[in-house]
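What follows is a short report on a single structure.
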Amino acid sequence: MCLNNSWTHMKCDGANICVVRNNKTKCVSSVVANAPVQPCTSSGATQCVRDNKTIFQTCVDNFWTNSTCSDGNYCLSRSGAAVCVDKALAEAPQIPCSTANATQCFNGDDTIYQICYQNYWTNSTCDKGNVCGTSKGKAVCHDPSQPVVDIPEEPCDDDGLKECVASNETLYRICTKGLWTNLTCASDNICRENDDNNVVCVDKDQAYLSLTRNTMYAPSPFVAHKSAASSLRAACIRSIGVILTIAATAIGASI
């Protein structure tokens with residue numbers, strides 16, 4: 001490094017090694033350093049690696065940089081970008097769709113429903129013991145002993161609006177075609193509202209430390225709509241949760 005008009009020697013951290021990319025010197029892992037150098041033009045663009053389903057690439061400083069999907073997930077190309085998804089989802093047939101957040105039951109397995117996510121139908125499983133049925137053009141998961149027409153619906157006005165479900169912190173819901181649809185946060189994460197009033201799914205171990213670490217909206221099983229009584233009870237729980245959150249924040253500030 002040139003420091004005060006003199007070259008200064010510096011050592012890379014850990015097992016990283018020094019490479020030159022796009023006339024810039026940087027320290028990278030040996031896997032990245034030894035990977036074939038491929039130029040790219042769109043900074044931040046992503047793509048899957050053809051010969052390794054667990055690896056995706058990001059365009060950094062005009063060169064493709066390799067990264068590995070976490071938790072054994074596979075790379076899948078969606079809408080011109082790479083996303084890491086469950087292996088079963090990555091290997092499922094890719095069927096396009098046009099209406100974001102639309103839902104339908106999966107033909108051939110009544111425990112599976114599909115949601116239109118990034119222009120492709122994505123499979124998810126109904127919560128345990130429930131099956132998929134269709135009501136007013138939407139897929140709903142319900143008790144098989146309860147006719148689908150009897151499932152109470154919760155109307156909403158602002159299409160695309162998202163909010164946490166107060167009665168279950170692992171759930172969030174989205175307003176689709178005038179009705180609320182419940183979705184589950186991925187990887188045991190829990191739903192929180194951050195400082196920007198956006199609904200996010202966060203690591204439950206970090207939820208009470210910071211709301212800036214989050215993973216957003218991966219489709220997974222939704223739960224049948226709650227009754228009006230449950231909605232009132234959920235509203236009370238949500239109010240109590242807000243009060244406890246404010247109290248916890250005040251205590252943390254005083255410490």
Side-chain angles (χ1 to χ4, degrees), residues 10-98 100-101 103-104 106-109 111-125 170 172 183-190 200-206 212-222:
M10 302 183 72
K11 186 177 181 180
C12 291
D13 295 334
N16 288 345
I17 59 179
C18 183
V19 298
V20 177
R21 293 285 191 272
N22 198 30
N23 295 322
K24 294 181 180 179
T25 302
K26 59 175 64 179
C27 293
V28 298
S29 68
S30 58
V31 174
V32 173
N34 295 327
V37 178
Q38 298 176 309
C40 55
T41 56
S42 300
S43 179
T46 56
Q47 66 179 18
C48 296
V49 175
R50 292 183 179 179
D51 57 355
N52 191 327
K53 295 181 179 179
T54 65
I55 293 178
F56 66 95
Q57 296 179 315
T58 305
C59 185
V60 180
D61 293 333
N62 295 333
F63 287 93
W64 289 111
T65 301
N66 287 3
S67 297
T68 303
C69 291
S70 61
D71 301 323
N73 287 340
Y74 276 24
C75 184
L76 180 66
S77 294
R78 286 285 177 86
S79 301
V83 292
C84 289
V85 299
D86 180 84
K87 177 183 176 182
L89 174 58
E91 294 178 341
Q94 301 301 296
I95 303 174
C97 55
S98 57
N101 301 315
T103 57
Q104 65 180 20
F106 179 71
N107 186 22
D109 189 337
T111 66
I112 295 176
Y113 75 96
Q114 298 177 310
I115 182 169
C116 186
Y117 179 68
Q118 294 185 344
N119 296 332
Y120 287 92
W121 288 112
T122 300
N123 289 1
S124 290
T125 305
T170 67
Y172 65 94
L183 298 171
T184 305
C185 290
S187 305
D188 296 323
N189 289 348
I190 61 178
V200 294
C201 290
V202 300
D203 187 311
K204 60 184 177 182
D205 295 329
Q206 300 293 334
T212 60
R213 306 172 187 177
N214 61 77
T215 54
M216 192 62 178
Y217 303 129
S220 49
F222 69 72

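All values below were derived from every heavy atom in this structure, side-chain atoms included, with hydrogens, water molecules and symmetry-related copies excluded. Because the structure is predicted, anything quoted here is derived from the model rather than measured.
In this structure, the side chains of C69 and Y74 stay at 4.5 Å or more apart for every pair of heavy atoms. You'll find the side chain of T103 stays beyond 4.5 Å of the side chain of Q114, heavy atoms only. Contact annotation: the side chain of R78 approaches that of Y117 to within less than 4.5 Å [non-hydrogen atoms, C-beta and beyond].
Rounding to the nearest 0.5 Å places SG of C84 at 14.0 Å from NZ of K53. To the nearest 0.5 Å, the span separating CD1 on I115 from OG on S124 amounts to 7.0 Å. Note that OH of Y113 is 8.5 Å distant from OG1 of T125, once rounded to the nearest 0.5 Å. The distance from atom OG1 of T46 to atom CZ of F56, rounded to the nearest 0.5 Å, is 7.5 Å. Annotation: the span from I55 atom CD1 to C48 atom SG amounts to 11.0 Å, rounded to 0.5 Å. Between the OG1 atom of T54 and the CG atom of N66 there is a distance of 10.0 Å, given to the nearest 0.5 Å.
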Q) What's the verdict on side chain to side chain contact (heavy atoms under 4.5 Å, CB included) for N62 and T41, showing C-alpha distance, side-chain angles and the deciding distance? A) CA-CA 5 Å; N62 295 333; T41 56; 5.7 Å; no
(Q) Before you tell me yes or no, could you show the steps for F106 and N123 under side chain to side chain contact (heavy atoms under 4.5 Å, CB included), namely the whole-Å CA-CA distance, both residues' side-chain angles and the distance that decides it to 0.1 Å? (A) CA-CA 8 Å; F106 179 71; N123 289 1; 4.0 Å; yes
Q: List the steps, then state whether side chain to side chain contact (heavy atoms under 4.5 Å, CB included) holds for W64 with Q47.
A: CA-CA 9 Å; W64 289 111; Q47 66 179 18; 3.5 Å; yes
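In this structure, C97 and C116 have their SG atoms less than 2.5 Å from one another. In this structure, cysteines C12 and C18 have SG atoms that are not closer than 2.5 angstrom. Here the two cysteines C59 and C40 have their SG atoms closer than 2.5 angstrom.
Of all heavy-atom pairs between N73 and V85, the closest is CB-O, 3.1 Å.
D109 places a side-chain N or O within donor-acceptor distance of the main-chain N or O of T111, the cut-off being under 3.5 Å.
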